[in-house]
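Note sheet for the following structure.
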2 protein chains.
Amino acid sequence: MHLDKILSLETSPHNHLDISHIKSSCATCSLRELCLPVGLNEQEIQILGDVVSHKRKIQRGGYLHHTGTKFQSLFAIRSGFLKTCVLEEDGRQQVTGFHMTGELLGLDAISTEIHTCDAIALEDSEVCEIPFLKLEEISRVIPSLMRHFHKIMSREIVRDHGVMLLLGSMKAEERLASFLLNLSRRFLARGYSECDFNLRMTREEIGSYLGLKLETVSRAFSKLQEENIITVDNKHIQINDIARLRMKMGNTSCVT
Amino acid sequence: MHLDKILSLETSPHNHLDISHIKSSCATCSLRELCLPVGLNEQEIQILGDVVSHKRKIQRGGYLHHTGTKFQSLFAIRSGFLKTCVLEEDGRQQVTGFHMTGELLGLDAISTEIHTCDAIALEDSEVCEIPFLKLEEISRVIPSLMRHFHKIMSREIVRDHGVMLLLGSMKAEERLASFLLNLSRRFLARGYSECDFNLRMTREEIGSYLGLKLETVSRAFSKLQEENIITVDNKHIQINDIARLRMKMGNTSCVT
DNA sequence: AAATAGCTTTGATTCAGATCAATTAAACAG
DNA sequence: CTGTTTAATTGATCTGAATCAAAGCTATTT
């Protein structure tokens with residue numbers, strides 16, 4: 001079994017509504033979330049239960065963490081939608097990622113023990129705090145947990161390389177297609193429709209992430225709609241022809 | 001002390017010629033390289049000695065690993081200079097990084113256990129192979145090693161975010177300035193001159209990394225030279241005014 | 001329900017960088 | 001040393017995206 005499903009599910013469908021019925025103490029539910037899919041035994045689950053300490057709610061627009069503050073914990077997203085962004089001295093900010101249920105935030109801060117980005121909720125969200133020192137301790141005892149944690153970090157690196165490719169060599173329309181397909185895939189993995197979803201972020205935030213201006217993003221949306229590949233109604237997106245959307249992306253494989 | 005100095009030295013000056021006198025068995029020398037700076041005890045060094053198995057030489061133009069092949073080991077660069085690049089279906093390739101002595105390659109492959117990029121030597125190079133399974137085992141026994149390994153992975157994520165920022169929001173000249181300053185800093189950290197060095201890569205490879213065409217890279221070099229900020233003689237670069245080069249970069253901090 | 005503020009779209013214009021093209025310079029093999 | 005290949009520079013032109021500008025639309029507040 002793969003712990004995959006939980007800390008940062010990517011492969012298997014997993015509706016985040018599923019977890020709503022496991023609503024005992026925070027430790028218990030997070031623990032279940034974290035461990036059940038890995039095939040850990042009861043004792044191991046017990047151990048891990050102590051790691052995932054408390055749960056935090058962040059309102060839309062609220063900060064999970066700020067750049068420059070001390071790093072102590074990773075955060076597993078239980079529900080909601082967040083963006084991470086680095087901010088430049090002049091005040092402008094660049095979005096480095098959008099994050100949804102099951103994903104793990106804070107990996108960048110391990111190196112210096114200072115957060116290198118802001119994490120901001122784009123809708124009301126809930127996260128589990130995972131004290132990093134404890135996670136390290138426990139991963140010594142549970143090898144499969146350590147292994148999985150390493151894979152998660154590595155996957156983040158691969159994802160970033162994908163974005164670098166996108167930013168370095170794709171045109172506006174290709175970038176947007178890639179972005180939409182990426183979202184689509186992640187919604188699907190969580191049990192939602194892959195062809196019908198609502199964007200949580202503004203055109204400006206999409207543009208920031210894709211290295212484009214908001215007007216360009218808007219025009220790219222319109223273009224894809226004109227071609228009947230997607231239907232855009234403000235934040236509501238329908239993918240009418242996913243195959244052609246994939247074509248739009250060029251030959252480049254979909255960014256993780 | 002920081003293991004930092006070794007696996008991926010960034011902070012402290014460390015001339016890679018220094019290690020030339022430690023030339024016993026591969027295990028021993030790599031082991032010294034890996035451990036001495038971390039302040040591990042003799043027993044721990046002994047343990048780690050078994051991990052870093054054998055040394056490999058790669059000729060200029062040779063591959064350290066290919067995309068799609070099975071991942072088994074990380075590689076610590078002992079000497080030389082390599083690039084990593086992902087290749088698209090249509091044959092074009094994008095450089096995702098340039099790597100020098102002390103840096104660790106292969107982190108991206110941990111997630112799927114398949115290499116996601118090619119690693120190609122830009123000059124004759126030497127690497128130490130570190131079987132990943134063994135590294136994981138041993139890091140359970142030596143917490144400071146595990147901690148350091150996590151920091152290395154995290155640092156790679158931060159570096160990638162820096163490149164994303166560069167690709168997403170900087171102009172050609174700013175990108176080149178940022179690139180040169182990054183190289184400069186890394187040479188300095190290895191005991192070389194920060195203002196006088198030879199590029200190991202072509203304009204095309206720089207362009208690929210920076211999301212620019214080779215002509216644009218060439219023009220940006222010329223521009224910086226016209227302004228007397230640098231002196232370019234083919235692959236040989238002299239930084240005449242590092243302060244002004246930093247200004248060129250805009251307010252953006254230097255990409256790690 | 002009206003008012004305000006925040007998004008989004010669309011058009012017109014400008015500009016940075018891509019592309020096309022020609023030359024020069026360096027590296028390499030025979 | 002000479003011919004050949006590969007890399008780098010520089011110029012001219014073209015183009016995709018940025019910028020500037022003006023509506024139109026949503027959502028939130030009162």
Side-chain angles (χ1 to χ4, degrees), chain A residues 59-61 83 90 92-95 120 122-124 166-180 198-227 230-238 248-250, chain B residues 59-61 83 90 92-95 120 122-124 166-180 198-227 230-238 248-250:
Chain A
Q59 281 198 316
R60 184 163 178 276
K83 68 171 177 182
D90 55 16
R92 264 184 319 151
Q93 58 176 35
Q94 160 125 356
V95 173
I120 300 168
L122 296 179
E123 61 181 34
D124 292 357
L166 176 144
L167 292 170
S169 67
M170 288 170 69
K171 297 186 190 274
E173 224 182 308
E174 296 171 332
R175 295 185 198 192
L176 189 65
S178 178
F179 172 74
L180 289 175
N198 284 293
L199 300 174
R200 270 76 170 180
M201 70 295 281
T202 66
R203 303 290 190 259
E204 188 168 22
E205 286 164 333
I206 296 172
S208 174
Y209 181 61
L210 297 179
L212 302 169
K213 291 293 158 186
L214 69 96
E215 296 94 328
T216 308
V217 173
S218 179
R219 276 183 245 270
F221 270 123
S222 301
K223 184 90 185 303
L224 288 174
Q225 182 163 42
E226 271 168 39
E227 301 180 64
I230 62 174
T231 303
V232 185
D233 178 18
N234 209 20
K235 292 224 157 63
H236 180 234
I237 304 291
Q238 273 178 278
K248 278 283 163 192
M249 226 180 34
Chain B
Q59 281 198 315
R60 184 163 178 278
K83 69 172 176 181
D90 54 17
R92 264 184 319 150
Q93 58 176 35
Q94 161 126 355
V95 174
I120 300 168
L122 295 179
E123 62 181 33
D124 291 356
L166 177 144
L167 293 171
S169 68
M170 288 170 68
K171 297 187 189 275
E173 225 181 308
E174 297 171 331
R175 294 185 198 192
L176 188 65
S178 179
F179 171 74
L180 289 175
N198 285 292
L199 299 174
R200 270 76 171 180
M201 69 296 281
T202 66
R203 302 290 190 261
E204 187 168 22
E205 287 164 332
I206 296 172
S208 174
Y209 181 61
L210 297 179
L212 301 169
K213 290 295 158 186
L214 67 96
E215 295 95 328
T216 307
V217 173
S218 180
R219 277 184 245 271
F221 269 123
S222 301
K223 184 92 186 303
L224 289 174
Q225 183 163 42
E226 270 169 38
E227 301 180 65
I230 62 174
T231 303
V232 185
D233 178 18
N234 210 21
K235 291 223 160 61
H236 179 235
I237 305 291
Q238 272 178 276
K248 278 284 162 191
M249 225 179 35

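- Between Lys213(A) and dT19(D), a side-chain N or O to OP1/OP2 separation shorter than 4.0 Å is present.
- Taking 4.0 angstrom as the limit, Thr216(B) places none of its side-chain polar atoms (N or O) nearer than this to OP1 or OP2 of dA16(C).
- In this structure, Ser218(A) reaches the dT9(C) phosphate: one of its side-chain N or O atoms is under 4.0 Å from OP1 or OP2.
- Remark: side-chain polar atoms of Ser178(A) are not paired, donor with acceptor, to backbone N or O of Glu174(A) under 3.5 angstrom.
- Between the C1' atom of dT8(C) and the CG atom of Leu176(A) lies a distance of 14 Å, rounded to the nearest Å.
- Taking the side chain of Asn234(B) as heavy atoms from C-beta on, and the options dA21(C), dC20(D), dA26(C), the nearest nucleotide is dA26(C).
- Atom CG of Leu199(A) is separated from atom C1' of dT8(C) by 12 Å (rounded to the nearest Å).
- Within 4.0 Å of Gly211(A), counting heavy atoms only, lie sugar-phosphate atoms of the nucleic acid but no base atom.
- In this structure, Leu212(A) reaches the sugar-phosphate backbone alone: every heavy-atom distance under 4.0 Å involves primed, P, OP1 or OP2 atoms, never a base.
- We find that CG of Leu224(B) is positioned 13 Å from P of dT10(D), with the value rounded to whole Å.
- In this structure, Ser208(A) contributes its side chain and Val95(A) its backbone to a donor-acceptor pair below 3.5 Å.
- Summarising the geometry, the separation between NZ on Lys235(A) and C1' on dC7(C) is reported as 7 Å, rounded to the nearest angstrom.
- Between Arg219(A) atom CZ and dT10(C) atom P there is a gap of 9 Å when expressed in whole angstrom units.
- Between the CD1 atom of Ile237(A) and the P atom of dT8(C) there is a distance of 10 Å, given to the nearest Å.
- Phosphate proximity of dT6(D) to Thr202(B): absent, as no side-chain N or O sits under 4.0 Å from OP1 or OP2.
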